[in-house]
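The structure displayed is predicted, hence computed values, not measured ones. Note that ligands are numbered from 1 as they come in the structure, with each ligand's atoms numbered from 1 the same way.
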Amino acid sequence: MGHRRIPDRGMDKERLFKMLESYRGGDVDWHSGKVFGYVYDAGPEVERVCKEAYTMFLSENGLDPTVYPSQLFLENDVVAMAASHLKGGEKAVGSFTSGGTESIILAVKCARDYARATRPEVKEPEMVLPTTAHAAFHKAAALLGMKPVMVPVDTVSFKASPAAMEKAITDSAILLVGSAPSYAHGVVDPITELGAIAGRHNLLLHVDACIGGFLLPYFREAGVSVPDFDFRVPGVTSISMDFHKYAYTAKGASVVLYRDKELRKHQFFVCSTWPGYSVVNPTLQSSKTVGPLAATWAVLNFIGNDGYLAMARELAHAAHRLIDGIGRIDGLYVLGKPEMTLVAFGSDTVNVFCVADEMKLRGWYVQVQLAFSEGKENLHLTLAPSSVKMVDALLNDLAQCVKRAREVKSTGLSQMIRERFGALDPSRIDADLFRQVSAMAGIKDNRLPDRMAEVNEILNSLPSEMCDLVLIEFFNNLFVPTQDSVATASRR
Ligand SMILES: *Cc1c(COP(=O)(O)O)cnc(C)c1O
């Protein structure tokens, strides 16, 4: 017993790859087109180009562009395409990053250090966020010692409320945030109004266009009405945009753009006070593979404007059918007016967590979203090109699943959870309490049950601080090193 060790002798290559393949057995089958989240599949041809370019640059190190001019060229070329796509103007610059979260952390770090340089009197910098802003802003705030000021959104449109945002600005505010669109509801915040507010108060404005920045310009070209959100809007100072979503490139690909170099320099980290090589890091990582950058460069060039536009037309058409179709299913309603390819829907008559379980039994992946300050629990779909052909099948099954969910009687679990834990001090959460909650949810030995409705219902009913603690406890138990006995068994 004890931790599994490095094998005494090297393993046969064929056997090893068989093992790797077998480990994928339990994953969602993303090639099926039935997975409405996590994957942005544009078909096998794009996938091949992406993988080839990725592996070609897998071993190059993006640590030092003076040693690898190829990386410097590829990054400048990719950032240029991104900046022109979002109408950045002559002076726009940016950095290629590993994902939306990194792009956002960097934009926040840049804002913080810009404020340190220009407004040293601000001791505890704040960023003003609509409640629908992505969790990455909270992560950035936690890492960078900033205070997130959460502002309620409109309860019908789920868009940021400019008046409420302006009211929340204090002398310590340094940054405003808007989304284009928000992940949860797929609606574009009123960026033009937020830009005017940023201008009046002399604040930076970051537009989180991680998921929409790439696709929205094509939607507009395809005739869909899209609110202004890019650098043409006065007041916008930085934008994040992911390539690993609707640019269909490898995971680990995003960009953060700034209106000019003067602002971006506050994003950099340098260190020449240690005895090794001078560290100059534009982004968070130091040594890093050039694979995702090469893959992005290759896929952008391979698909091209005409290819992206053609896919956008199909997506726009299918998204319309999807949103319209969900609205017609008895018992369901769409939240807000989705403006892209993301749709959230809820119900006042059936338990949506049961609907998600029923859908899973039929091979669909739909994402659960818990209640937040301005809305109750709901389900979320992300439409990717490979799922366009599945929209009608999804709508059919969804209608059936809603019927099935009607037959499920309420267990009164939420009520019980609220009574039992609602008034409890979150600091009193410990392993023992976690065991109680787990038992109620049907979790045994940290293994999730097949049906997730109870688990979701409990998470949804717990106060959010407590929900966070329960999730940490669960995942802390999930990531435990393989034990030797298990490793031996799986090798056989
Ligand atoms: C996906 C997403 C992010 C975070 O991106 P990751 O690539 O998962 O780190 C941030 N904001 C929005 C709106 C997103 O959709």
Side-chain angles (χ1 to χ4, degrees), residues 30 35-41 50 78 82 86 94-109 111 127 129-144 148 150 153 158-160 175-191 194 205-217 219 226-227 229-230 236 238-257 283-285 288 291-293 295-296 299 315 319 335-336 338-344 365 367 369 372 378 380-384:
W30 57 270
V35 180
F36 280 67
Y38 298 114
V39 286
Y40 302 83
D41 177 18
C50 180
V78 163
L86 296 181
S95 296
F96 184 84
T97 76
S98 66
T101 300
E102 188 182 1
S103 292
I104 287 168
I105 292 171
L106 288 171
V108 174
K109 191 254 183 208
M127 61 176 140
L129 298 174
T131 48
T132 48
H134 194 276
F137 291 96
H138 297 276
K139 187 174 184 175
L143 291 172
L144 296 162
M150 308 256 282
V153 294
F158 295 99
K159 293 189 180 206
L175 175 67
L176 295 184
V177 170
S179 309
S182 62
Y183 178 83
H185 304 98
V187 297
V188 181
D189 285 332
I191 304 299
L194 296 184
L205 169 60
H206 181 81
V207 175
D208 177 8
C210 277
I211 202 157
F214 199 84
L215 187 55
L216 285 175
F219 260 47
V226 172
F229 73 95
D230 61 23
V236 172
S238 59
I239 304 182
S240 48
M241 173 172 83
D242 293 348
F243 297 111
H244 62 202
K245 288 173 181 161
Y246 287 100
Y248 317 117
T249 164
K251 293 277 186 297
S254 174
V255 68
V256 55
L257 298 165
T283 61
L284 291 180
Q285 291 174 300
K288 59 182 178 189
L293 174 61
T296 300
V299 170
L315 279 172
L335 276 69
E339 288 168 292
M340 205 178 75
T341 45
L342 312 165
V343 52
Y365 174 78
Q367 202 164 47
Q369 298 191 134
F372 82 119
N378 58 83
H380 183 274
L381 300 172
T382 303
L383 184 65

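- Lys245 and Ser254 form no side-chain donor-acceptor contact under 3.5 Å, judged by distance and modelled atom types alone.
- If you number the atoms of ligand 1 from 1 as listed, the ones under 4.0 Å from a heavy atom of Asp242 come out as 1 (C), 5 (O), 7 (O).
- Atom 6 (P) of ligand 1 has its closest protein heavy atom at Gly100 N, 3.5 Å.
- Salt bridge annotation for Glu339-Lys159: present, with a cationic side-chain nitrogen under 4.0 angstrom from a carboxylate oxygen.
- Which parts of ligand 1 touch Cys210 is read off a 4.0 Å heavy-atom cut-off, strictly below it: atoms 2 (C), 3 (C), 10 (C), 11 (N), 12 (C), 14 (C).
- Each of the following atoms of ligand 1 lies closer than 4.0 Å to a heavy atom of Thr101: 4 (C), 5 (O), 6 (P), 9 (O).
- Residues Asp242 and Ile211 have side chains not in contact (no heavy-atom distance under 4.5 Å, counting atoms from C-beta outward).
- A centroid separation of 6.0 Å or more is found between the aromatic rings of Phe36 and His380.
- Among protein heavy atoms, the minimum distance from atom 13 (C) of ligand 1 is reached at Asp208 OD2, 3.3 Å.
- The N/O atoms of Ser182, backbone and side chain alike, include none that comes under 3.5 Å of an N/O atom in ligand 1.
- For the residue pair Thr97 and Ser103, a side-chain donor N or O sits within less than 3.5 Å of a side-chain acceptor on the partner.
- Applying the 4.0 Å criterion to heavy atoms of Lys245 picks out, from ligand 1, the atoms 1 (C), 2 (C), 3 (C), 4 (C), 5 (O), 14 (C), 15 (O).
- The N/O atoms of Glu102, backbone and side chain alike, include none that comes under 3.5 Å of an N/O atom in ligand 1.
- Between Phe96 and Phe243, the ring planes are parallel. Angles under 30° get that label, and only those over 60° would be called perpendicular.
- Side chains of Thr132 and Ser182: a donor-acceptor N/O pair is absent below 3.5 angstrom, by distance only.
- Per-residue contacts place Ile104 under 4.0 angstrom from the following atoms of ligand 1 (heavy atoms of the residue considered): 10 (C).
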